[in-house]
Chemist: 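One structure follows; several queries about it will come next.
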2 protein chains.
Amino acid sequence: MAIWLDQTAGDFEARFAAFLTTKREVSEDVNATVRAIVDDVRIRGDEALIDYSSRFDRVDLKQVGLRVTDAEIEAAFAAVDDAVIEALKLAAHRIEKHHARQMPKDDIYEDALGVGLGSRWTAIEAVGLYVPGGTASYPSSVLMNAVPARVAGVERVVMVCPASGGEINPAVLVAARIAGVSEIYRIGGAQAVAALAYGTQSIAPVYKIVGPGNAYVAAAKRQVFGTVGIDMIAGPSEVLVIADGENNPDWLAADLLAQAEHDAGAQAILITDDRALGLAVEQAVERQLKTLSRSETAALSWRDFGAIIQVPDLQAALPLANRIAAEHLELAVADPDRLLAGIRNAGAIFVGRHTPEVIGDYVGGSNHVLPTARSARFSSGLSVLDFVKRTSILRLGPEQLRELGPAAITLAQSEGLDAHARSVSIRLNQG
Amino acid sequence: MAIWLDQTAGDFEARFAAFLTTKREVSEDVNATVRAIVDDVRIRGDEALIDYSSRFDRVDLKQVGLRVTDAEIEAAFAAVDDAVIEALKLAAHRIEKHHARQMPKDDIYEDALGVGLGSRWTAIEAVGLYVPGGTASYPSSVLMNAVPARVAGVERVVMVCPASGGEINPAVLVAARIAGVSEIYRIGGAQAVAALAYGTQSIAPVYKIVGPGNAYVAAAKRQVFGTVGIDMIAGPSEVLVIADGENNPDWLAADLLAQAEHDAGAQAILITDDRALGLAVEQAVERQLKTLSRSETAALSWRDFGAIIQVPDLQAALPLANRIAAEHLELAVADPDRLLAGIRNAGAIFVGRHTPEVIGDYVGGSNHVLPTARSARFSSGLSVLDFVKRTSILRLGPEQLRELGPAAITLAQSEGLDAHARSVSIRLNQG
């Protein structure tokens with residue numbers, strides 16, 4: 001049973017504020033363990049990877065090899081349903097088309113003084129992609145991370161995935177091949193992150209590491225940050241559905257449960273101006289819960305973190321939505337464009353009754369790696385921009401230096417930086 | 001005396017690799033201290049700020065007030081040289097013009113299936129700017145951080161700066177006013193970072209914190225990351241100068257020392273194909289060192305981390321430069337465009353003999369907050385993009401859902417996510 005909040009109630013603000021800051025994750029302190037593993041891989045390289053894989057994944061890498069072979073990838077294609085392969089190809093194609101539009105353009109120009117200025121974008125040369133093992137091993141996430149990297153022009157996309165008991169989900173291998181991943185290693189955990197960051201005898205290091213993982217992987221990414229770049233550390237998923245009274249409650253219940261089934265820490269929120277709809281959705285959730293294979297997880301999420309918020313009118317939903325800053329926001333209303341203009345903080349917005357968030361998880365074309373835990377207030381979903389970097393370019397001739405030099409000297413002197421001032425004045429005096 | 005490396009020597013690769021990984025910073029473990037301060041500010045708010053400011057900055061905030069007043073800012077304008085004020089205005093104007101070109105454009109479109117896709121950019125609502133006290137209190141850095149935030153459309157730009165002994169550098173207050181900073185508080189250290197992240201009775205929280213600081217500030221930023229966004233954690237500054245034999249050695253020596261004077265951990269590197277020039281620059285550095293007010297700092301930096309690398313020809317400098325991935329790269333050669341095309345990893349490139357890096361520190365228009373410690377391999381300098389965030393938009397009608405829905409259902413089922421599949425199928429069956 002999710003909580004009910006009524007915006008017209010006197011204690012609403014206090015209850016909503018408490019709801020907003022509820023923690024949905026237990027933060028495990030695994031830093032010391034992870035530090036030891038990272039240091040060990042840094043020193044012993046492949047040998048350490050073999051040891052940890054034997055211990056944690058029950059796989060003998062000396063036997064099966066560190067790197068996944070072409071033959072194994074071909075075998076994966078044979079093992080996966082054709083319908084799934086076709087769906088992955090459709091998804092990859094749509095992701096590629098959409099992300100190609102995100103590629104930033106160089107901007108090289110001369111200003112009125114004749115100073116040359118520029119921004120030049122280049123791809124990161126090598127990127128690592130962490131893919132979890134077990135039930136969280138999602139081929140769709142492989143596409144969402146690897147396709148933008150390839151669109152950006154990254155030459156080496158290096159995937160790591162633990163082979164729990166020797167196995168890697170064949171659909172993950174298929175997705176990797178479709179997405180253009182260059183190398184795949186069957187390692188996971190903090191040891192895989194360390195191998196990507198520092199390299200080993202068999203694995204050349206990368207410059208940035210992306211992809212989701214458990215507490216150990218997250219801690220390892222934080223520890224190697226600086227040596228390499230990392231993406232955001234994702235928390236449990238969340239959806240906010242803003243709905244008027246004219247919805248089919250079963251549709252909305254299915255959408256809420258699609259988030260809830262991810263994780264007991266996931267969050268599903270409904271905001272509606274129609275109390276009757278809210279009640280009907282609540283009943284539909286209870287009904288549908290019984291038929292899900294992951295009903296236990298979904299039930300925990302809905303009970304502990306689910307919410308139905310009743311507002312006097314839909315416009316009143318906007319400030320709440322901006323404070324919630326949801327990863328996923330559905331606008332299931334008759335006139336979504338009216339609300340759309342007022343939304344400032346959201347990872348992704350799904351417009352209208354026929355755009356369930358799940359389309360964005362797979363085949364919409366936009367990325368499903370999105371900011372969680374209210375971080376859409378200050379950050380964005382994964383995009384091509386995460387795989388490129390910008391170099392500034394400045395170009396002066398003697399004239400431009402005569403024009404701008406004196407101001408630079410004045411500021412350098414006022415900051416007490418003599419050598420800064422001299423590096424300009426020496427050119428003006430002898431120029 | 002900097003080290004000499006000769007690329008034609010047999011041990012070059014080993015020595016260069018060691019040189020690349022030399023640590024230039026002592027990492028102080030201040031995490032526990034910082035954790036206690038952050039928690040205390042979170043609980044006690046203003047009271048905690050008053051206590052820490054009394055202890056660390058010897059200032060009684062109950063007496064002078066937490067917030068810097070308009071009258072104080074006006075007094076600062078009276079206290080600062082007109083030439084400095086004019087130079088700051090010129091710098092701010094040029095930074096604003098350049099950064100306005102970085103503003104990303106929304107991209108809303110329909111694809112061939114009629115699916116609506118979009119990327120919409122919005123400014124972060126409130127940003128905090130940390131400005132160090134004492135000798136590292138640079139008005140130019142206030143401009144470099146605050147102007148892009150204002151260009152992006154950030155409504156609240158909140159500056160914090162410790163008032164060591166009661167004083168804030170008046171030029172910093174002038175720069176803040178010119179840059180359009182909205183609020184200034186005289187607090188510093190981990191306590192200021194905590195106040196920005198969590199808010200206090202007097203200070204509303206922000207969503208992102210930028211700006212340089214000491215080990216305590218850096219640790220506090222790492223700790224509040226997640227609750228708010230943060231910028232990169234900057235290390236000591238560095239310059240790489242690639243020079244042919246036709247340079248004035250005094251100019252290049254001045255450029256190398258302009259980095260070295262920042263910090264004993266700063267790094268200045270010269271790569272040249274002309275041994276005689278290298279020797280002449282080395283002598284010029286020794287000569288100029290004697291006349292600097294910060295000669296002790298500069299001498300330490302040059303002795304411990306400075307380098308002159310001799311290459312057989314200038315093209316051979318390119319792979320080295322890409323491995324060094326310098327924050328600042330000067331191309332002091334006759335044909336800089338030939339080299340420019342081969343540079344992939346650099347924070348900013350200064351093209352030709354008349355573009356000393358110092359112009360970029362102040363009045364070039366590009367940003368001087370740049371990736372250090374080889375992180376230009378995977379990250380970019382500060383820009384308008386750091387103050388905006390992107391929301392994805394997806395919009396399907398019944399037809400588009402019929403087209404794409406089956407593939408989404410296939411993938412959801414293959415990932416074992418029933419509720420995901422249902423959220424699409426329920427609309428297809430009843431749609």
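Naming convention: chains lettered A, B, ... in sequence-line order (proteins, then strands); numbering from 1 in each chain.
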Chemist: Do B:Gln102 and A:Asp107 have a side chain donor and acceptor closer than 3.5 Å?
Modeler: no
Chemist: Under a 4.5 Å heavy-atom cutoff, which of A:Ser414, A:Gly360, A:Gly347 has the most pairs with chain B?
Modeler: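 Ranked by contacts with chain B, first place is A:Gly347.
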Chemist: What is the ring orientation for B:Tyr362 with A:His420, classed by angle as parallel under 30°, tilted 30 to 60°, or perpendicular over 60°?
Modeler: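 Perpendicular.
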Chemist: If we only count heavy atoms from C-beta on, is the A:Gln288 to B:Arg422 side-chain gap below 4.5 Å?
Modeler: yes
Chemist: Could A:Asp111 and B:Arg101 be called an ion pair, given the rule that one side-chain N must be under 4.0 Å from one carboxylate O?
Modeler: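 No, A:Asp111 and B:Arg101 are not salt-bridged.
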Chemist: State which residues pass side-chain contact (heavy atoms from CB on, under 4.5 Å) with B:Pro170; sequence neighbours excluded, sorted by chain then number.
Modeler: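 Per chain and number, B:Pro170 pairs via side-chain contact (heavy atoms from CB on, under 4.5 Å) with B:Ala76, B:Ala79, B:Val80.
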Chemist: Given a strict heavy-atom distance threshold of 4.5 Å, which part of A:Glu403 is in contact with chain B: side chain, backbone, both, or neither?
Modeler: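 The answer is neither part of A:Glu403.
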Chemist: Taking side chain as everything from C-beta outward and backbone as N, CA, C, O, which of these in A:Ala83 sits under 4.5 Å from a heavy atom of chain B? Side chain, backbone, both or neither.
Modeler: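 Both parts, backbone and side chain.
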Chemist: Could you measure the distance from the CZ atom of A:Arg390 to the CG atom of B:Leu385? Nearest 0.5 Å is fine.
Modeler: 7.0 Å
Chemist: Considering only heavy atoms, which portion of A:Val115 lies under 4.5 Å from any heavy atom of chain B: side chain, backbone, both, or neither?
Modeler: side chain
Chemist: I'd like to verify something: which residue of A:Leu88, A:Leu252, A:Val228 has the highest number of heavy-atom pairs under 4.5 Å with chain B?
Modeler: A:Val228
Chemist: Before accepting this row, confirm whether a basic side-chain N of the pair A:Asp337/B:Arg395 lies closer than 4.0 Å to the acidic partner's carboxylate O.
Modeler: yes
Chemist: Between B:Asp81, B:Asn345, B:Ile233, which residue shows the highest count of heavy-atom pairs closer than 4.5 Å to chain A?
Modeler: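 Maximum pair count with chain A is reached by B:Asn345.
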Chemist: Any donor-acceptor pair under 3.5 Å linking the side chain of A:Thr391 with the backbone of B:Ala346?
Modeler: yes
Chemist: Are a donor atom and an acceptor atom from the side chains of A:Ser140 and B:Glu415 found within less than 3.5 Å of each other?
Modeler: yes
Chemist: Can you tell which part of A:Ser295 gets under 4.5 Å to a heavy atom of chain B, answering side chain, backbone, both or neither?
Modeler: neither
Chemist: Is there a donor-acceptor pair under 3.5 Å between the side chain of B:Arg353 and the backbone N or O of A:Pro398?
Modeler: no
Chemist: Is A:Ala260 close to chain B through its backbone or its side chain, or both, or neither, when contacts mean heavy atoms under 4.5 Å?
Modeler: neither
Chemist: Examine whether an atom of A:Thr122 lies under 4.5 Å from a heavy atom of chain B, and if so say whether it belongs to the side chain, the backbone or both; otherwise answer neither.
Modeler: side chain
